[in-house]
There are 2 protein chains.
Amino acid sequence: MPSTIKDVAAHASVSIATVSRTINAPHRVNAETLARVRESIQVLDFTPSALGRQLRGERTRLIGVIVPTLANPVFAESLQGADEAASADGYRLMLMTTEYDTARERAAIETLREQRVDGLIATVADAGANTLLDELDRAELPYVLTHNDTPHRPSVCVDNRRAAREGVHALLARGHRNVTMVAGSFAASDRARLRYQGYADAMQEAGLQPLPAVEIDFNADDVPDSLLAGLVRRGDRPTALFCSNDRLAMVVMHALRRAGIDVPRDMSVLGFDGIPLGELMQPALASIATPNRLIGRTAWRQLAPLLGLAGDAHAPQCTTLPHRFRPGATIAEPDSAQRLHSLSPETPHEHP
Amino acid sequence: MPSTIKDVAAHASVSIATVSRTINAPHRVNAETLARVRESIQVLDFTPSALGRQLRGERTRLIGVIVPTLANPVFAESLQGADEAASADGYRLMLMTTEYDTARERAAIETLREQRVDGLIATVADAGANTLLDELDRAELPYVLTHNDTPHRPSVCVDNRRAAREGVHALLARGHRNVTMVAGSFAASDRARLRYQGYADAMQEAGLQPLPAVEIDFNADDVPDSLLAGLVRRGDRPTALFCSNDRLAMVVMHALRRAGIDVPRDMSVLGFDGIPLGELMQPALASIATPNRLIGRTAWRQLAPLLGLAGDAHAPQCTTLPHRFRPGATIAEPDSAQRLHSLSPETPHEHP
DNA sequence: CTGAAAGCGCTAACAT
DNA sequence: ATGTTAGCGCTTTCAG
């Protein structure tokens with residue numbers, strides 16, 4: 001049992017109020033007394049209990065953070081950003097992971113509310129129609145969503161649809177016509193859906209028919225053979241793949257290699273997220289980089305005023321942060337064999 | 001302000017004791033009363049405050065987790081392992097990152113003690129002579145170290161020295177003689193030091209002189225040109241690099257590429273940690289894989305009995321988990337030019 | 001089966 | 001400058 005304010009008071013022969021003041025308002029304590037109390041605090045190894053304080057005060061200086069998983073560096077990064085920013089303001093984080101599971105989202109929010117967190121920074125599966133978030137609104141618990149791209153709730157994210165469109169456009173501009181999207185399961189992520197829409201936008205602008213996406217489980221460490229077969233089948237094999245996130249892109253590339261498909265010679269690959277490790281690998285993964293750390297930091301900045309902290313009280317509810325197309329060696333023009341096969345009026349693109 | 005047990009009591013016209021029982025011991029409440037109270041709980045959207053409970057009881061069911069950074073997937077993974085295991089037992093995690101900074105370690109422990117966590121799972125810079133840990137001992141706050149390889153404190157890790165020795169041995173067995181170690185700064189990690197010892201062991205067993213390690217800042221995203229120059233200088237250029245962790249290995253490989261050095265043709269690279277992304281990249285990163293998730297899980301298992309939970313009360317204080325050499329295409333035999341240069345009695349190794 | 005009351009550690013009036 | 005006291009939300013005897 002740690003010692004309490006009472007123990008210190010007794011040891012220093014003062015009242016508990018004086019001990020409290022020694023800690024919170026030293027200038028209101030006589031110098032000698034101050035020294036004596038501090039001495040006792042040392043001796044007894046007293047650490048004030050945040051519990052007592054939190055129970056008394058109207059805030060806990062705790063904020064809950066909910067992310068799908070830390071296996072995806074994207075979330076690890078934005079968590080870091082939020083951590084840095086919140087810590088600097090004296091707030092502590094309580095972390096919960098959901099593995100993209102709605103039931104776990106519910107449980108996480110419940111736990112966090114029990115802990116009386118002052119606010120929430122969360123990435124949820126589906127931000128649009130989400131009863132959990134409605135409950136938060138009703139409970140008046142401030143929250144900011146991260147990586148959830150919705151105009152209807154406080155959030156910080158990139159414009160996923162536009163970003164995806166630009167990325168796919170880059171593929172098309174290099175002469176690819178048969179571009180297929182590989183996505184984590186749509187049910188588990190509104191991001192994935194928006195990115196698919198961006199993909200479809202780009203295809204249509206180029207006068208091409210969007211192809212159905214190949215859906216893969218988010219947590220998968222490998223591509224099931226059945227799906228892989230579809231991806232590498234001869235005939236109408238895609239010349240480029242747009243993956244809804246970098247982790248997925250790497251998993252897919254690994255599978256392609258196993259199937260004897262060389263990236264980028266036989267197939268180009270574009271990811272999404274711009275995780276640092278992607279840039280280090282060979283060939284460097286082309287991607288649409290999102291400012292993950294900044295997303296976390298911004299989420300805190302947006303949340304802080306809602307907690308009554310100093311800050312821009314009239315900051316926007318929704319922040320759209322800039323993305324950036326990150327070129328990489330996983331993208332090449334369709335190989336010559338491929339081009340020979342497709343020397344038809346439909347693919348009149350030029351190459352240097 | 002969330003509603004309290006009093007609000008519910010008033011709404012249901014019972015005492016707060018009955019509300020408490022409804023939540024914690026429903027069988028001791030009359031069926032009708034139970035229903036009425038539950039109704040009120042619903043209506044008022046009552047969520048019991050963990051604070052009140054924690055203040056009253058002798059445990060908070062909170063555990064603190066301290067890791068250097070989440071930018072290194074190793075720690076993200078073991079955090080996940082700990083989270084899974086602890087959550088299953090109804091414990092919540094409070095996360096703090098230190099960026100390998102001792103001052104931040106101190107602050108983290110302070111905060112966690114204030115929050116009255118029941119125990120700690122931590123990865124610290126230096127587990128041997130660490131006053132912070134001594135303080136924990138004195139305060140009788142149970143803790144388990146992860147990734148800290150020390151027999152003197154409760155810990156879960158792999159045998160870093162042996163693992164490093166085996167890895168370097170594998171390089172030597174392929175004909176490498178000039179193997180250099182690249183390490184994060186030794187001051188910030190007892191792991192790095194042990195791995196260097198393992199490197200030295202292997203070199204000496206092969207009758208070779210261990211070379212001084214090249215130290216690089218942990219957080220670096222690139223290798224400074226001055227260090228890079230030393231690594232790629234002609235003449236006594238190493239034919240193989242042993243990196244003290246995978247992230248570092250990837251950063252180094254990236255720099256080597258910039259310097260026109262091809263891996264593995266011109267230089268082999270071996271990492272440490274076995275992060276999943278390493279296996280996905282091309283060429284696949286050879287590494288010494290550590291069971292990170294299991295490390296986190298085991299840490300919880302080892303901590304639980306110390307908190308008075310069910311579990312093996314006589315589990316070992318220190319657990320050494322098995323590592324595994326993970327072969328990869330970043331390791332090759334020294335290239336032919338290199339071999340021609342070194343066709344001397346000292347390097348009689350055969351190649352297919 | 002239910003209620004009254006004490007007390008967990010702390011802060012903030014209010015008194016002295 | 002310091003002390004006394006009420007009360008934050010809850011659990012837990014102890015009575016009824």
Side-chain angles (χ1 to χ4, degrees), chain A residues 1-38 40-41 44-62 90 110-118 139, chain B residues 1-38 40-41 44-62 90 110-118 139:
Chain A
M1 276 292 108
S3 49
T4 78
I5 201 173
K6 271 188 183 169
D7 302 327
V8 178
H11 187 271
S13 320
V14 294
S15 72
I16 58 168
T18 300
V19 179
S20 178
R21 279 191 283 264
T22 301
I23 299 163
N24 304 304
H27 59 279
R28 307 209 295 129
V29 178
N30 176 288
E32 279 178 40
T33 322
L34 196 66
R36 205 167 71 248
V37 175
R38 283 189 169 149
S40 301
I41 289 178
L44 299 179
D45 192 23
F46 169 67
T47 307
S49 163
L51 299 174
R53 228 179 274 204
Q54 288 162 351
L55 188 54
R56 191 57 172 62
E58 70 295 338
R59 36 168 74 172
T60 56
R61 296 191 165 273
L62 247 34
E110 172 103 357
T111 299
L112 262 9
R113 285 186 62 187
E114 285 180 358
Q115 293 290 338
R116 294 296 187 262
V117 294
D118 292 339
Chain B
M1 276 292 110
S3 50
T4 78
I5 201 173
K6 271 188 184 170
D7 301 328
V8 177
H11 187 271
S13 319
V14 294
S15 72
I16 59 169
T18 301
V19 178
S20 179
R21 281 187 210 107
T22 301
I23 299 162
N24 304 304
H27 59 279
R28 306 209 293 128
V29 178
N30 176 288
E32 279 178 41
T33 320
L34 196 65
R36 205 168 71 247
V37 175
R38 282 187 169 150
S40 301
I41 289 177
L44 299 179
D45 191 22
F46 170 66
T47 307
S49 163
L51 299 172
R53 241 193 276 239
Q54 288 162 350
L55 188 55
R56 190 61 171 59
E58 70 293 337
R59 37 169 71 173
T60 56
R61 295 191 165 273
L62 245 35
E110 172 104 357
T111 299
L112 263 9
R113 286 186 62 186
E114 285 181 359
Q115 293 291 338
R116 295 295 187 262
V117 295
D118 292 338

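Letters A, B, ... mirror the listed sequences (proteins, then strands); counts begin at 1.
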Practice task
Using only heavy-atom distances, decide whether a donor-acceptor pair under 3.5 angstrom links the side-chain of R21(A) to the base of dG3(D).
Solution key: yes
Practice task
Please answer whether the main-chain N or O of R116(A) pairs with a side-chain N or O of T60(A) as donor and acceptor at a distance below 3.5 Å.
Solution key: yes
Exercise for the section: Using atom CD of E58(A) as one end and atom P of dG9(D) as the other, report the distance to the nearest whole Å. Expected result: 11 Å
Exercise for the section: Side chain of N24(B) only, please: which of dT4(D), dT11(D), dA4(C) is the nearest? Expected result: dT11(D)
Handout entry: Atom-to-atom span, CD of E114(A) to C1' of dT11(D) - whole angstrom
Key = 15 Å
Completion exercise
Out of dC10(C), dT11(D), dA1(D), minimum distance to the side chain of F46(A) belongs to dC10(C)
Completion exercise
Out of dT11(D), dG9(D), dT13(D), minimum distance to the side chain of S20(B) belongs to dT11(D)
Handout entry: Nearest atoms (heavy-atom pairs only) where G52(A) meets L55(B)
Key = N-CD1, 4.2 Å
Practice task
Measure the distance from CZ on R61(A) to P on dC10(C) and round it to the nearest whole Å.
Solution key: 17 Å
Exercise for the section: Report yes if a side-chain nitrogen or oxygen of S49(A) is closer than 4.0 Å to either non-bridging phosphate oxygen (OP1 or OP2) of dG9(C); otherwise report no. Expected result: no
Completion exercise
Closest to the 5' end of DNA chain D, once G57(B) and G57(A) are matched to their nearest nucleotides, is G57(A)
Exercise for the section: Determine: side-chain N/O of T4(B) to OP1/OP2 of dC8(D), distance under 4.0 Å, yes or no. Expected result: no
Practice task
Taking the side chain as every heavy atom from C-beta outward, state whether R38(B) and P26(B) have any pair of such atoms under 4.5 Å apart.
Solution key: yes
Exercise for the section: Starting at atom CD of Q115(B), determine the distance to atom P of dC8(C), rounded to an integer number of angstrom. Expected result: 20 Å
Practice task
Measure the CG-CE distance between D7(B) and M1(B) for me, rounded to the nearest 0.5 Å.
Solution key: 11.5 Å
Practice task
Give one of base, sugar-phosphate or nothing for R56(A), where a contact means two heavy atoms less than 4.0 Å apart.
Solution key: base
Practice task
For the helix from dC1(C)-dG16(D) to dT16(C)-dA1(D), measure the angle between the helix axis at one end and the axis at the other, each built from five pairs, rounding to 10°.
Solution key: 40°
Exercise for the section: Indicate, with a heavy-atom threshold strictly under 4.0 Å, whether V19(A) touches base, sugar-phosphate, or nothing. Expected result: nothing
Handout entry: Nearest-neighbour nucleotide for the V29(B) side chain, dT2(D), dT11(C), dT2(C) considered
Key = dT2(C)
Handout entry: Distance test, side-chain N/O of K6(A) to OP1/OP2 of dG7(C), below 4.0 Å
Key = no
Exercise for the section: Using whole Å, report how far CG of N30(B) lies from C1' of dG3(C). Expected result: 14 Å
Practice task
In whole angstrom, give the distance that lies between atom CG of L51(A) and atom P of dG9(D).
Solution key: 15 Å
Handout entry: Heavy-atom check, side chain of V14(B) versus side chain of R21(B), under 4.5 Å
Key = no
Practice task
Look up atom CD in Q115(B) and atom CG in L51(A), then write down how far apart they are to the nearest 0.5 Å.
Solution key: 6.5 Å
Practice task
Return the nearest nucleotide to the side chain of L55(A); candidates are dG9(D), dC10(C), dA12(C).
Solution key: dG9(D)
Practice task
Establish, with yes or no, whether the OP1 or OP2 oxygen of dG3(C) is under 4.0 angstrom from a side-chain nitrogen or oxygen of T18(B).
Solution key: yes
Handout entry: N or O in side chain of R28(A) less than 4.0 angstrom from dA1(D) OP1/OP2
Key = no
Exercise for the section: Whole angstrom is fine here: how far is it from CZ in R59(A) over to C1' in dT11(C)? Expected result: 15 Å
Problem - Side-chain donor or acceptor of T47(B) paired with backbone N/O of R113(A) under 3.5 Å - result: no
Problem - Under 3.5 Å donor-acceptor, S20(B) side chain and I16(B) backbone - result: no
Handout entry: Rounded distance in Å - CG (L44(B)) to P (dG9(D))
Key = 14 Å
